[in-house]
Structures are given as C-alpha cells and as structure tokens.
Amino acid sequence: MAREISYRDALREALREEMDRDERVFLMGEDIGAYGGSYVVTNGFLEEYGRKRVRDTPISELGIVGAAVGAAMGGLRPIVELMTINFSLLAIDQIVNHAAKLHYMFAGTISAPVVIRTASGWGQLGPTHSQTFEGWYAHVPGLRVVMPATPRDAKGFLKTASRGNDPVMFIEHSLLYRNRGEVEDPEDGDLLLPLEGAEVRREGTDVTLVSWSRGYYLAMGAAEELAKEGISAEVIDMRVLRPLDIATVVESVKKTNHLVTVEESWRSLGVGAEIAAAVQEEAFDYLDAPIARVGSLEIPVPYARNLERLIFPDRDKVVEAAKGVLARNLVPAG
Amino acid sequence: MAREISYRDALREALREEMDRDERVFLMGEDIGAYGGSYVVTNGFLEEYGRKRVRDTPISELGIVGAAVGAAMGGLRPIVELMTINFSLLAIDQIVNHAAKLHYMFAGTISAPVVIRTASGWGQLGPTHSQTFEGWYAHVPGLRVVMPATPRDAKGFLKTASRGNDPVMFIEHSLLYRNRGEVEDPEDGDLLLPLEGAEVRREGTDVTLVSWSRGYYLAMGAAEELAKEGISAEVIDMRVLRPLDIATVVESVKKTNHLVTVEESWRSLGVGAEIAAAVQEEAFDYLDAPIARVGSLEIPVPYARNLERLIFPDRDKVVEAAKGVLARNLVPAG
Amino acid sequence: MTSSGGSRIKELALEKDDLIDLYRQMALIRAFEEHAEEQYARGRIAGFLHVYIGEEATGVGVVSAMQERDHLITHYRDHGYALARGVTPEAAMAELFGKATGVVHGRGGSMHFSDVTKNFWGGYAIVGGLIPLAAGLALASQYQEQDAVVVCVFGDGATNTGAFHEAANLASVWKLPVIFLVENNLYGMGTAVEYVSAVNDMSRKAIAYDIASARVDGQDVLAVREAAQAALEHCRSGNGPFLLESLTYRFRGHSMADPEAYRSKEEVNRYRKDDPIPLFRNKLLSDGVATQEEFDQIDAEVLKQVEQAVEFAEQSPVPDPSTIADFILADSGAVH
Amino acid sequence: MTSSGGSRIKELALEKDDLIDLYRQMALIRAFEEHAEEQYARGRIAGFLHVYIGEEATGVGVVSAMQERDHLITHYRDHGYALARGVTPEAAMAELFGKATGVVHGRGGSMHFSDVTKNFWGGYAIVGGLIPLAAGLALASQYQEQDAVVVCVFGDGATNTGAFHEAANLASVWKLPVIFLVENNLYGMGTAVEYVSAVNDMSRKAIAYDIASARVDGQDVLAVREAAQAALEHCRSGNGPFLLESLTYRFRGHSMADPEAYRSKEEVNRYRKDDPIPLFRNKLLSDGVATQEEFDQIDAEVLKQVEQAVEFAEQSPVPDPSTIADFILADSGAVH
Ligand SMILES: Cc1ncc(C[n+]2csc(CCOP(=O)(O)OP(=O)(O)O)c2C)c(N)n1
Ligand SMILES: Cc1ncc(C[n+]2csc(CCOP(=O)(O)OP(=O)(O)O)c2C)c(N)n1
Ligand SMILES: [Mg+2]
Ligand SMILES: [Mg+2]
C-alpha cells in the first residue's frame, strides 16, 4: 500500500527509520537541531533523539564533514547535512581528497560510509546561493552521487546510502521539498533502492528528454506540452549521477533517435555534456540530429526576479529544444 | 629574435617583467620565498624583490587566496601560487564563491584581478597529489582558465593575466617545467597573448587530435606515429579552457571529419566531454565517426609506478583511439 | 548590558549635532528594517532578508568612528552598515525590490549591498568568507601606505570558520590594519554560542593570534563609538589587527524564514529592554541634550524618508533584461 | 633542549627491557630512514619521501605511552609512527618500493602508511586534513564508549590551517578524547614558524579552544613518554582534548627534493647535538642500565632488520595490474 507524501517527509521517514534501526546512525550539521533544519527536514529530531544523535555543529563545513568521515572510519554511520551545496565548496577537500580516497589509498582496509545531505536550488538567493555543482562531484571516482527527483527515490536512496559503505553525495533540491508523490508504506518493509540506474518515467517514440532532480519535472512538463502537438517524448530521470547509467539513455535514443538533456547547472561542463559525449559515442548511428543541451545561462545568478527567471531552464525552453532537434532535416555528412 | 628557454624560465621572465613594470604586482604563496618555490619557479625572487613583494604565507590556502582577492579589490595585482591544484580545493570557495562572483554581484563596481598560479601533474605522488581539476574551473562563469603547454604561452598568458582585470586560474604542469621552446626575446617588446583561442599546431587532413597542457605533447607524439602509417593528423592545443574556443575545433573537424580529445583528468565530465558535446552540436553532419575521448582511468592515482603508468593516457592510447575512429565504417543511421 | 554612555558625552566632546545624528541614523535603520519586513510580507521582497533590528548601536557607533578613507566590509546582515555609511534608503530599498535603481542594480539583493564610492566593499553571504578579503584589503592599504583601516564585520558564528582562523593569523603575522568586529548576538542562526564555540568570550579567540582585543556593550552607541575609536587608533598606529567584540542581541528572527523555536519569548523580551534606540534617546533627554519634540520630529522625518524609499523602489523599473550578461567579466572578450 | 630524562627512569618505574626497547625503536627508525634515503637516491623509491631523522624520540615516546585500543593518525611524515606502532620494516620498505607486499599494497606509498589491525589509521598528505578525521575518530570512540584516545600527529605548519581551527573547536565543544600532537620542528617545509604563525608557542593556540596543553622536549624520549601519558590520562578521564607540543628539529631536508636554502649548516649542526638517540644511549650508559656492547648489538640487529627489509622489498612483486581498479568503492556495483 503506497501513500502520497512530500519529498521532505520522505526524507524524514528515511532518517527516522534508519536511526531507529541502527544506533550507529546519527545526524550532524548546522542548525539541524534546535532550529529544526534550514529546510525543516530534521524538525523535532533533537527532541526525539537527543543531543547525542542529533548534533548541532559550528559553522565549520570542512571540520564537520571531516569529523563525519572520521566517525565513519571509526564505525559510525554519520549523516551530515550541509545547508546548501554552495557551502559544500568549503568541505570539498574532505569530500574529494579524503572521503573519496581513503578506501583506495589504504587498499580497502579503511572505508568512509558517510552520507552528505545537501540542497541545491534557487529562488532569488543571489549569486553565491543559487548554484548546483553535481557535475563536479560526478567527476570524482570514489564517490557516489545521487540527485533524487521523487519522494520515493529520496527515501529509498537515503536509506540505502546510510547502509552502504561508501561516501555518498546526496543532493536534494530546495524547490522540491513540498512535492508530493507515492511512497510505499513502511509497514510493507524497508524501501531500499539501489544507488544506480536511470529510469524511463514516460515512454515516447520521437525524442528522448533526459534530466534529474528538479529538471526532471521540466522535462515531464515539456513532454506533456509536446504531446499536445502530437510529439511523443520519452522522459528519463537519471536519478544517480555517479555511476551514470548511459545504457538506459542509449536504449531510448536507439528508439527515438533524438536527445535533449536538461539541467539547472551552467551548460558548459554540466552533466549534460557527459551524457551527450557518451551517447554520441555509443549511439552515433542512431542519432538523426545533434544532441541538444538545455542548461542555465552561464552567468552568476542575479537576485532580481525578472533576471533570475531568464537564467534557469523552464518548460518552454525544453519544448523549444525538443522541437529544434526534431525540426532539423539531415544534410548528408560533409 | 626568439630564443629557446624552459617553461620554468618563461614563467620566471613573465613574473620578473611584470614586477619590474608595475609596483602593484606582488607574489604570495607557500614557500615561494626562502624555499624558492616548490617547483623552483620563484627561486631568488625574495632576495631580488624583498619581503614586501615576495610573501611567504602560512599553510592557509583559503586564507591566502581570499587575501589575494581582497588585495586585488584594493588595487593591487597579486599573483598567488598554490603549490598544486590538489590544494586549490581548500581555496575553491574563495575562487568560485568570491573571486568569480564579485564583479557581477556588485554590478561591475568591484573587480578581482588576481592570478592564481598552480601546478597539476603527477609522478608517483599518490592518490591525493596527482589530480587535475581544470574541468571544474572551466565550468564557472566569472573565471578565466588557462592551461599553457608551451613556454611561449606560459609567458604570454601570465603577463596578460597579470594586467587583466579578471580572476585567472593559471594551471601549470609539474612535468612541463623543464620543457624548452621558442620565446620572443624581451628586447623585442612585451609578449602579451590574449587569454583565448585554441591553436592548430600541426595541420592534418584525416583526424583532429585536441588537447592542452601536457596532453598536447601526447597528441603531437601520436600525430608523428600516425604519420609513419600514412595517417595525417591535425593537432589542436586548446590553450585556454574558459572561454573554450570550440570554433577552431569545429573548423578542423569540418576538414578531417574525425575527432579525438586527450586529457589527463578522469574521463567522465572532463573538458573532453564538453568539447565532444559542443562539436557534435555544431559539426554533426561532418562527423564520420563518434568523437573519441582519451582520459585517465577513473581510479584514484596509485603510488606504484607500474599501476600509475596504466592510469594516465600515453601516446599509444591516443594513436589507438585515432585509428579507432578512422577504422570505423559507417552504418546508415538506424 | 546596562548603558553608561551618558557620562561619556562630555569626555567624547561630542557636539549636539553629532549626538542627534547618531540617534537619527539608528532611527533610520530601524524604520528601514521595519518597512523591509513589511514589504517582504507583501511579497515585494524575496529571498533571504536579515534585518538589523536591535543591533543598530553597533553599526552606527562603529561607522561614526571611521574616517572616509577607512574601508568597510560586512557579512550579509548589511543594511544598517550601508545606511550608516551613506547609502540612500532609496537605493537600498530598491535593491531589496530587485530594481535597476538598486545600489547594485538588483544583482545582489539584501545580502550584497555595496558602494565603493564610500569605501563600503560590500556584504557577503558565505559565512566567514569576507574575513580573508578584509585582510587583503588591509594589505592593499598597508602596501600602498594609504593610512586606511579596514573594518570587517561578522558574527559570533563566523569565528568558528577556518576562514576566520587563517585570516586572523595572516593579519597578525603581517600586522595588517584590520579590525575584526565580532557582533556577538549569542546565536548563529538558531544555534546558541555555547553549543558551538569552545569559548563564549569572543575576544579570547584573539589570544591565539597575539591580536589585541576588547569587548563592548553593543547596545550603547557611545560606548561602541569610543571602543571603535580606540581600535581604529590601534590599527592606524601600525600595531596590527584588533578584535572588537560587541555584545548585542538580535530582536528579530535570523531571517524572515526563522520560526525561532530555539529561544523563548521571555528571553527576547528580556533583551528588548536593552533596545539601543530608547536607551540613547532617554540618555540624551535626561542629559538635556535634546527634547522629546526634537526626537518626535526626527522619528517623523526618518519615517517619511523610508516611506519615500519604498515609493521610489516601487516606482523604479526592473533591470533591463538585455543587461543580464553585463559584469560577468571585467575585461570583455579577449584580453590584450 | 637539554635532556633530563635519566633522573626520571625510576619515577617512571620503567623496566630495563622497556628502556632498551625505546632505544631499539629509535635506532630501527633511524636505520630505516637512512636506507630509505639511499634507495631513493638509487631510484628504487620515487615521489615524495619525508624522513623522520632527528625526530624519533617524539614518535617513539608517544606511541610507547599508548594503549593498544588507542588510535593513531598522522600526517605524511609517518614512517616512524608506523614502525613504532608495529608495522614491519618489510611491509614499510616494500610500500616505498611500490610493491604488492607493501603495507597498503603499493597504493599509497610513503605518505600513506596505515594498519588498522594496529589502530593506525594512516598517514595523510593534505596538511591539516587529518585533524578533522581525528576528531571524528574520537567521536566514534566517545559515542561507542570505547575508552580509546586518538593521537593525531601533525606539524607546526598545520596549525595555521582552517582544518586545525575547526577541528580543535569541535573537539573541545564535544569534549572529544583526542590529543593534538604538534611536532614543532621550527619549519613548515622551508618556512620558519615566526614568519607564518602569529605565535611561536603552539601550546598557546589551545587557549582559544579552552583546551589543556603542554610543551615537551621532543628530543628526550622519556620526557615525551611522560608527557604523553599525562595527556592520555587527561583525555581518558573525559576532560576533552589535549594539545601536546613537542619541540623537535628535522635533521634532513623536508623531502628528498629540498635544497635547504632556508637554513644554515651551522643551525642544523647546532641542533644535531640534540640527537635523541645518542642522548638516550648515553643516559642509559651513565645510569648503568645497559652496556656499550648491548647497544652495539642492538644497532647491529636493527641494521640487519632493515637490510632484510630492503632485500624483501626488492624481491617482492609489483602489484598485479589486474587489481588496479580494486578498492575504488567499498560496495561493488549497485548497493542494496
Ligand atoms: C559557509 C556558510 N555556512 C552556512 C551558511 C548559512 N548561514 C547563514 S547566516 C548563518 C549564521 C551566522 O551566524 P553569525 O555569524 O553569528 O551571524 P548573525 O547572523 O548572528 O549576525 C548561517 C549558518 C552560510 N551562509 N555560509
Ligand atoms: C593543504 C596543503 N598545502 C600545502 C602542502 C604542501 N606541503 C607538504 S608538507 C608541508 C609543510 C608542513 O609543515 P609542518 O606541518 O610543520 O610539518 P613538518 O613537515 O614540518 O613535519 C607543505 C606546505 C600540502 N601537502 N597540503
Ligand atoms: Mg550571531
Ligand atoms: Mg614543521
């Protein structure tokens, strides 16, 4: 029996279930306790679990992520929250030069099962608070990077991440916390989703739209728009950015022969670039048009609403891109 | 009149010429003074220019890059050295959330003309000291990212960077400092090279090999190998990674119809991914085969020489990739 | 935090106009922030809004002690400093509204006010991030022998960042003319100092860097001004950095989103008794410096000013979309 | 740094065997490092090699005071600690040679020795990076009530990193059982402490975190051992972290690449007079604990051990290329 719950509640359920299941699981982060979490994900947890397991930390991103990694080395299962992914830059040395390296560097004798929860997103937050660096993390061997779009994935990934033995960058989205979606009832057992694999969420035959996190909803919206005009779009939610499931995209492209990637990060060197590069390698002969990438304008994100609106991709830009790749009639190769 | 000098000496000349020209130009970094620089680039500068202009700093990457940015805001022309790009992760918040944002955030009233010199490279240095993150920096609007391969570019870019008004990530390579190449004689005037534009360094007709920094020499070596077998390879040195000069690559591909990118970073989400994605967009009809990417194995870099050798691309891997794209005979699109 | 500024009026040899001006500035900031909150509630302002209500005496006292050539750089809670440094309520309010007439043309919003013509180097939103920048500005001043001191404003929470540590050490080693002004308002967002800082006394953190320090009652504008003057003098005389801790309290939530579950109404009300504005008004009244009528008039004037600022912001045009890509880089295209 | 350990022998109630063992460990480390340098010169070892020559008394003294259940984590200058904690010279030398029989199978090399079976959590090469990890290990010990103390080893230069500040503050706030062992050898690479640290006295940096601290003569193995015992006791009793500063000196260059232009031969020779090994040998001789013959024999034995280690390393196979992708992730493929 599934119920409709919000992305936020899905995360809360996952945290609670894992904390109840395993004493070693604990939370640390800035304002996750007394304040209730900057995005209210851990509200009430301090009262429920106490200071030992819900640890408000100083504003020390590098220190707290490093301490979480160390605690994980020592046998605990820390889930550390970084208020936003913009601040993860301060901790990135601990994430990339330490968490991602330990297991290899010490020949498998040490591991760092730490989950780093953080929020990307925007909303007139200005140039330093509106970024999303998933592409950076997806570049790094030794990390697992997930970016759930749905409440179900949010819960299932978080539970799996907290039980796994690798460092996981768990990237949420500030504009998705209120989204509601179907999630299995806890009664029906643990919802543990493997940390890999893209999913075809809408079948189509004319063009494939690929995205993740909030971008996935733009793709879905665009697919509905396109349907009105008789264009059948297949929509793929990548869900996990490392390892990246290219096979599923290639499968789809072999059917639709057209691909559009959608992301909220800056276009150059975004994850869409990797998808496009990999797909043209593996499905070259099936592409009837260049792969199009929809991303943010390559500009720091301004505060003013009218300007900010222009920065990020929206449904219409995706529709336009899809029509663009379909409109193109092939010229025989040079 | 040009002379042959080393990459290291080219950098030393640039630094000296700019320091002599402009009092506001000064150097700061770890062990650049008394020690002489971890890669001996600034050896003797402390004695020559004194403590005011050659400033040994604490081991505080975040603090010293931030201080350099602040000094630049205040009217100075700091050239800060980060021993290796691996340590730049500790300063990346100052680079990306501050230096790259200031000018935009304050509507053009503040700028941060800081040059951040750092070395990528490897050589049995182990998992945390053998990385290269140029792709991360190339993703960020507000930054200029250069990665010179030749002594001439090293000198010309550094001089231009120190006179420009933007933050510049100036990425050197520890295995190139001894390389020698032709550089104009200082007598013949300032060597100022614009911080943009790829260069076709070897003309060819069958396949285009694109790289930068040390990878460029692998591409050149591969081109010579291929020539022996009657394959004519065009070699492009990207030189600057932001802004990325795709047009020059597209031009070349329109002629050769085949492209191989070569880089020392991990393959996924490396700069090669952006080049491949952009080129298939702009030269789709000219490509006779999928664009191939040669990069590092996606593994932390082990210390053992025999393993490390397998991680990085070498001439033979490039030759193989070039033959691969040429060997492929097209199947009509599915 | 009881005030003892009145007695100091003579010592400080302040003219009536100066005293009235300090009051006016605090009143202006208060009125500005209250209107900002109201406009936020109305949806005309969005994103993060951190108001300075209750802490005005610190900003006004410190800025009043600075010379024009001195530099100011602050964290995101920057409205009070911008106004004290001379940014007009119009340009400030228009920025909150995201208008082209805003102090940074709608690019930055609340957290990123700046005005280099007034040596105000801006507000920054990465906690601690501005501290190394301040050290750098101080280096530029020292290097160019400009005799200018940098005042760097941040909170108790920021002292736990590595950026503070690295910048403080560097500033001390290089004897840079920078004042680290720590606004200790007892909380970093929703987290009380004692839970996250090994020492509650911020000035104690200066010891590790061999930096001179002092604590001051941040609700007493004259005490703050006096302490700031001493700190500025210290830096100007080439004695290196100074850490000034101002003991204050945030009367409102951290930002407009704050449910304030972490502190009690009683606690807030207790601290509200130390509202720097009535405290100062009463002092001036009891010292016979000014009359109630004069204060009523000032209050009316600043209210009018702020209402006009709101009007101005409302009437102002949004930024021209065609300018969206301006200012990404200082050198357009290639650099020669 | 004159030694006064002899007098302490009785107080410390050390058996002759214990004393001899301290000597043997220092001698073994010295011999190991000298051979490592030689093999590096011969090209059998590459990359960065940071030897511990001259600083042996600190590592040996501290490790000798630790319990088996206590945890050790160090920076890249880790050979001495690995050997003192029981890593065999064979496994250590083989690692330097990049062989499959190395302590981490050739993956890490000189800077990344580790052996979790001995609670040695490894050497780390990002200066300061290990300090937050150590706080985390201490949190794991406290959380699981393991009564184990973490000893975190780093240098004077590392105290200037934000990582040190953030971890020290966190450790103090949470009263974590961790000893911050600062090996103050007067230089960070080629930069003298006074040029980059606001205070030369590292123990003074503990004040800002309300952390107890002490300084010890790092050339006197018994003094170090005693200071470490006190620090361990402090942490074990739940009093939170402790900062122990060991005053020592690096007899060799920072790494094999170091031209050593930043210090004079005279200075080095002056400090060489405080060589911890002859100092301790003479003490034991004058206290009649052991005879010259016994020492000669020990020296011969460790020399033989190290020569065998070199032999072993040379004979060992390189890592199997087919294993290159092992250990990237702990959970292979999908995670269920
Ligand atoms: C590096 C970083 N971490 C977290 C945040 C989120 N944040 C914004 S303000 C704040 C609290 C700062 O407290 P304090 O320094 O005391 O300043 P106050 O707001 O109390 O004046 C936090 C945690 C941030 N902006 N930057
Ligand atoms: C973050 C970082 N910055 C710079 C370096 C380069 N580096 C390696 S060791 C070292 C000096 C460290 O000095 P100290 O902490 O005193 O330790 P010591 O070598 O003297 O024992 C430096 C600068 C590094 N490895 N990591
Ligand atoms: Mg505060
Ligand atoms: Mg040292």
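Computed from a predicted model, the values in this text were never measured in an experiment. Proteins come first, then strands; the chains are lettered A, B, ... in the order of their sequence lines, and each starts at number 1.
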Interchain contact, Y195(D) with chain C, by part (heavy-atom threshold 4.5 Å) = backbone

Shortest non-hydrogen contact from K205(C) to A208(D)?
-> CA-CB, 4.0 Å

Contact winner vs chain D - A163(C), S197(C), S172(C), heavy-atom pairs under 4.5 Å = S197(C)

How are the rings of H165(C) and H165(D) set to each other: parallel, tilted or perpendicular (split at 30° and 60°)?
-> parallel

Donor-acceptor pair, side chain of N169(C) and main chain of A198(D), under 3.5 angstrom = yes

Selection from V173(D), T159(D), I211(D) maximising heavy-atom pairs under 4.5 Å formed with chain C | V173(D)

Minimal heavy-atom distance between R204(C) and D210(D), with the atoms involved, is NH2-OD1, 3.2 Å

